A.B. asks: 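My questions will all concern the structure given below.
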Amino acid sequence: MAPTLRRRLLAVASVAMAGVLLTGCANGTGPSAASATAAPGGTIQFATDREPTCLDPAVGGDQPQSLIARAFLDSLTHQKADGSIEPWLAESWDISPDGLTYTFHLRDDVTFSDGTPFDAAAVKANFEYWLDPATQSSVDSLYVSDYAGTDIPDPHTAVVHLKKPYSAFIQVLSQSFLGIQSPTALKRGAAENCSSPVGSGPFIVTGWNKQQDVTLVRNPDYDWAPASAEHDGPAYADGIRWAFIAEPSTRFGALQTHEADVIETIPPESFAVAKADPNITIIDKVRPGGPVQYVFNTTRAPFDDVKVRQAFRFGADIDSGLASVYFGAYKAVGGPLSPTTVDYDKAFDDVYAHDPAKANGLLDAAGWTGRDADGYRTKAGTRLTLQLNVADSVQPSEISLLEQLQAIEKQVGFDVQINKLDSGTESARYNSWDYDLDRQYWVTNTPDVLRYQYSSAFIPSTGGYHSNGSGFSDPKLDRLVDTALRSSDATERTGLYRQAQQIVSDAAVALPVYLYPSQYAFDNTRLGGVDVDPSINQVSFYDTWVKTK
Amino acid sequence: MTLQATAPAPAAVRAETTDSAPRPAAGVAGRVLGALAGALVVLWAVATLTFFLLRLIPGDPVLLILGTSGSPSAAVVAATRAAFGLDQPVLVQYLHFLAGAAHGDFGISYQLKVPVTQVIGEQLLATVQLVILAVVLAWALSLAITVPTAGRRPLVERTARTVEIVLASLPQFWIGIMLLVVLAIGLGWFPVAGGDGLAGLFLPALTLAIPIAGFLSQVMRESFETALKQPFVTSARARGAGEARVRLGHALRHALLPGVTLTGWAVGSLFSGAVVVEVIFARPGIGRVLLSAVLSRDIPVVLGVVVVIAAVYVVVNAIVDILYPIIDPRLASR
């Protein structure tokens, strides 16, 4: 009930805002005073939703950290918009035929903003930092878990040895999660490194007012942008005020009143308003990796039966749910990979289009033939009940989506129990496999995400957490994703990952609900050149200039 | 945590303060020492209860520290557990916490990696400012409603009572969004988010003040009306005092006591309960720190904030005790 009320209030708010916006357009001054071409100066006012707990992206590892890290950290490699990889801090690299040795030839003109020179020793120190248990890293430590060591034949050559071939290595290195930090700064300890991390990026972190904003200033010495950047040399903007505004309507209001020049995540109910405004430009991308989905626990009844899982997918009508809850702002997906991931295959997007007849047929075949007084299916006196756990961090709009799912699945006889839990309880139940459906997403720029989410190697809990949330175990899938990881042939990998997607799709081990959006809206009378870093499609302000100073 | 949920609290606070008032005169120093010892016991009890309650709720803090967006290895999990002393027996952790707390050290935040005292210190000023302005606005609103309308014709009286009930029952989320949309986004009179200084503080404080003003008016109206029927009011009128002088000079003083009691409770509850407003207006504050710390099982931060809030209650109650005899000298000579 609460979420419904809240949604209604937001609707009221956005109607009021629409009125405001129309007035704003009517007496708008137009861009005459603004400079049309890039010029230095001005501060970018950016408002995002979530505040990182630590600015160093290696600690833990969550999306808000990688977002802000792109402003102050450069990576060894850079991903271009077409998905290919180009040099950045590494000018070039050679890969040994056995795929175990990567020789990085490093730029010799790069300096961290604390004065420490960037060299092979810095690269070695970063690898060791990511893997040091004391760093408390969940993401970086996984992405480089096959690291064996680094030799330094000369100061600008880093020879990185791996324990096993790892075809995704060069790709993951382009993510800001694995941005290179000053080894001098890393030695200061977690407290300092979390609040004032030091890199070689176009901006420098100068302050963090908790629960308000992070301030960044331009790095005046910056002269090592990747080749595909729009310009060379230091960033155009003098700095960035990186504000945290959790409430979506407040954030959008800040854009409308020019308190913010650019915001992340447009409230779905304001999406149409923003789109209709000629002064607002929307960047509407999706993150690569696995979509936002509800994984099916295949280790217990009733989801241990593939027919029941397939029936659940045919019974769901996500498209209409997304249209009514998100007004079309979020995009549906059917397969296990986001379309912005290398080797994504669109063949799996429509396999489970809404089809109640098929769902009923499958449930009959699975033996769930009885119906109780409430209309739910039964088998041997047991009701077809599913426990769906959601943590408090999930937005009320998504709860509405789940309530629609609950209603439509009832039509084919599923009793979906939505359990709204605090994060601690949700995590405790997840870790003890006490759920039928739980929420998951995984953002990364490689199809290797299929291994983390579906390979049996990720079923055993590593100290509690299992990233294979469905408990799905298939030796053929394990072999495919492992072989793909060892293959240096891109065409061969595409074939292997296609088969892997096929297996995951056939087994119906999760219900994908939407592609994790990466949406930004900016006032085009105030800013130019706002774009995303293609590795995981998060905003990058290096090429951004401020028109009204 | 909301005003509505804890509405019965004023009675309890009142009972506590009146119980402690007629203590035998054991000298000022003795009374102060006694009060301090009592305060310490309260703080210790609150911290201890919170410490063990947090152990009872499910969820492994270590996995919440590491986040569920990656896949930490067993070594990382073990190192994290050891780094925060979570591998020790609970009793050892408790004693360690007590020893630290006695020196004003609440440890390192699991999530933010910085000392808890720093986490709280960075947020305290914003909360204090918000609470003070909210209380001032609530009193101003409430006096504006009560003083001119109490004991008037039934129509005026009934209208005022209805206004009070509506104000007291408006949800903060709704008030906040409405003020934001109309006054900040629509008319542009106030900053939408954050905003330094008084301009940024006004709307969030007003959002908090509106329901409190409703409660305040309700309790003060009762006393105000009783006072207006007292003989001293009749005699004041007989001496030729005007209506304004009767109300402000004579009756108001009697209406203040329940208002002060309620304010004492409101200040304490606002310290932790301003979360909704802090989120809507993107303001820093203790409330949001507490909420996210509870959700992420950031035990050191929860304990630190709870102790601070308990201390605020203790101090505010002491102030209320001091104010009573000043407002009503009869209480001093009792």
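From a predicted model like this one, the values you see are computed outputs, not experimental measurements. Letters go in sequence order (proteins before strands), and every chain restarts at 1.
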A.B. asks: Heavy-atom distances under 4.5 Å only: say whether B:Leu295 touches chain A with side chain, backbone, both or neither.
C.D. replies: both
A.B. asks: What are the two closest heavy atoms between A:Thr250 and B:Val192, and how far apart are they?
C.D. replies: O-CG1, 3.5 Å
A.B. asks: Who among B:Gly285, B:Ala78, B:Gly188, B:Ala83 has the most heavy-atom pairs with chain A under 4.5 Å?
C.D. replies: B:Gly285
A.B. asks: Which pairs, with at least one residue in residues 291-303 of chain B and sequence neighbours excluded, count as a salt bridge (Lys or Arg N to Asp or Glu O under 4.0 Å)?
C.D. replies: A:Asp422-B:Arg297
A.B. asks: Got A:Asn209 and B:Pro284 here, is their nearest side-chain heavy-atom distance under 4.5 Å?
C.D. replies: no
A.B. asks: Heavy-atom pairs under 4.5 Å with chain B - which of A:Ala428, A:Ala246, A:Ala191, A:Ala243 has more of them than the others?
C.D. replies: A:Ala191
A.B. asks: Determine the option with the most heavy-atom pairs under 4.5 angstrom with chain A, choosing from B:Thr80, B:Val182, B:Val294, B:Val279.
C.D. replies: B:Thr80
A.B. asks: Looking only at heavy atoms and a cut-off of under 4.5 Å, which of B:Ile57, B:Val289, B:Ile65 has the most pairs with chain A?
C.D. replies: B:Val289
A.B. asks: Can you say whether A:Ser137 sits under 4.5 Å from chain B via the side chain, the backbone, both, or neither, judging by heavy atoms?
C.D. replies: backbone
A.B. asks: Which atoms of A:Thr257 come close to chain B, meaning under 4.5 Å heavy atom to heavy atom: side chain ones, backbone ones, both, or neither?
C.D. replies: side chain
A.B. asks: Would you mind checking which part of B:Ala184 comes under 4.5 Å of any heavy atom in chain A, side chain (CB onward), backbone (N, CA, C, O), both or neither?
C.D. replies: backbone
A.B. asks: What part of A:Val443 gets closer than 4.5 Å to chain B, counting heavy atoms only: side chain, backbone, both or neither?
C.D. replies: neither
A.B. asks: I want to check something: taking the side chain as every heavy atom from C-beta on, are B:Val119 and A:Lys210 in contact at a cut-off of under 4.5 Å?
C.D. replies: no
A.B. asks: What pair of heavy atoms forms the shortest contact from A:Gly253 to B:Ile185, and how long is it?
C.D. replies: CA-CD1, 3.5 Å
A.B. asks: Would you please go through residues 107-117 of chain B and name the residues with a non-hydrogen atom below 4.5 Å from one of chain A, in numerical order?
C.D. replies: B:Gln111, B:Leu112, B:Lys113, B:Val114
A.B. asks: Taking B:Gln123, B:Glu278, B:Glu122 one by one, which has the highest count of heavy-atom pairs under 4.5 Å against chain A?
C.D. replies: B:Gln123
A.B. asks: Would you confirm whether A:Ser138, through its side chain, and B:Leu66, through its main-chain N or O, come within 3.5 Å as a donor-acceptor pair?
C.D. replies: yes
A.B. asks: Could you report the tightest heavy-atom contact between B:Ala75 and A:Pro133, atom names first, then the distance?
C.D. replies: O-CB, 3.7 Å
A.B. asks: Distance from B:Ser292 atom OG to A:Glu51 atom CD, nearest 0.5 Å?
C.D. replies: 8.5 Å
A.B. asks: Ignoring hydrogens, what is the shortest heavy-atom contact between A:Glu247 and B:Ile177? Give both atom names and the distance.
C.D. replies: OE2-CD1, 4.3 Å
